[in-house]
Amino acid sequence: VGANAFVAEDCPNLYLPDRLWLLKTKPGIMCRWLAYYMKTARFRAQVIDIASGTSGSMKNISKGRLADLVLHVPEYAQQELAVEVLFAMESAMLSGKAILRSYQEMRQSLMSNLLSGHVRVPV
């Protein structure tokens, strides 16, 4: 409950079921900053506290209860700086994961070729 994602592109014909919401920000709040903020441990704890339901897997929150949560919004310039830093870190992590995946595939291919006898190692 309370998971979020930032969608950078407009999807005019997108249908959202009742469990997914499209949020719009007030002036002075960057959308991407809000998406990062909503992933913080502090915000997630607030969401978990207001969630209701009979079982752990079926917890829900209403739009009204979500709107009542208190946000600690810094000045716009600080939001921009935070987004710039977090976006750069996220990009570096994705790049690193892609490189790691490439090396893992190369290792797997090499192991397969060596262990199957397709490639011989000179002694």
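- The line from OG1 of Thr25 to CG of Leu71 is 11.0 Å long, rounded to the nearest 0.5 Å.
- The cluster map of Ile, Leu, Val, Met, Phe, Trp and Tyr, joined by side-chain heavy atoms under 4.5 Å apart, puts Val85 and Met30 in different clusters.
- Side chains of Leu34 and Asn4 form no contact here, defined as non-hydrogen atoms less than 4.5 Å apart.
- To the nearest 0.5 Å, atoms CG (Leu100) and CE (Met93) are separated by 12.5 Å.
- Here the side chains of Arg120 and Leu114 are not in contact, with every heavy-atom distance at 4.5 Å or above.
- Within the 3.5 Å criterion, the main-chain N or O of Glu105 finds no donor-acceptor partner in the side chain of Ser109.
- When only modelled atom types and interatomic distance are considered, Gln108 and Tyr103 share no side-chain donor-acceptor pair under 3.5 Å.
- Between the CD1 atom in Ile50 and the OG atom in Ser62 there is a gap of 7.0 Å [rounded to 0.5 Å].
- In this structure the side chain of Gln78 never reaches within 4.5 angstrom of the side chain of Trp33, judged on heavy atoms.
- Nearest heavy-atom pair across Ile61 and Ala51 is CG2-CA, 3.5 Å.
- Considering all non-hydrogen atoms of both residues, Asn113 and Ser116 come closest at O-OG, 3.4 Å.
- Proximity of a side-chain donor or acceptor of Thr40 to a complementary backbone N or O of Tyr37 within less than 3.5 Å is detected.
- Residues Glu75 and Gln79 form no side-chain contact, since every pair of their non-hydrogen atoms from C-beta on lies 4.5 Å or further apart.
- Pairing each heavy atom of Leu69 with each of Gln46, the nearest pair is CD2-CB, 3.9 Å.
- Trp21 and Phe43 fall within the same hydrophobic cluster, where Ile, Leu, Val, Met, Phe, Trp and Tyr residues are linked whenever their side-chain heavy atoms come under 4.5 Å apart, directly or through other members.
- A heavy-atom distance below 4.5 Å is not found between the side chains of Met38 and Arg44.
- No more than 12 heavy atoms of other residues, nucleotides or ligands lie within 6.0 Å of CE in Met89, so this atom counts as exposed by the packing criterion.
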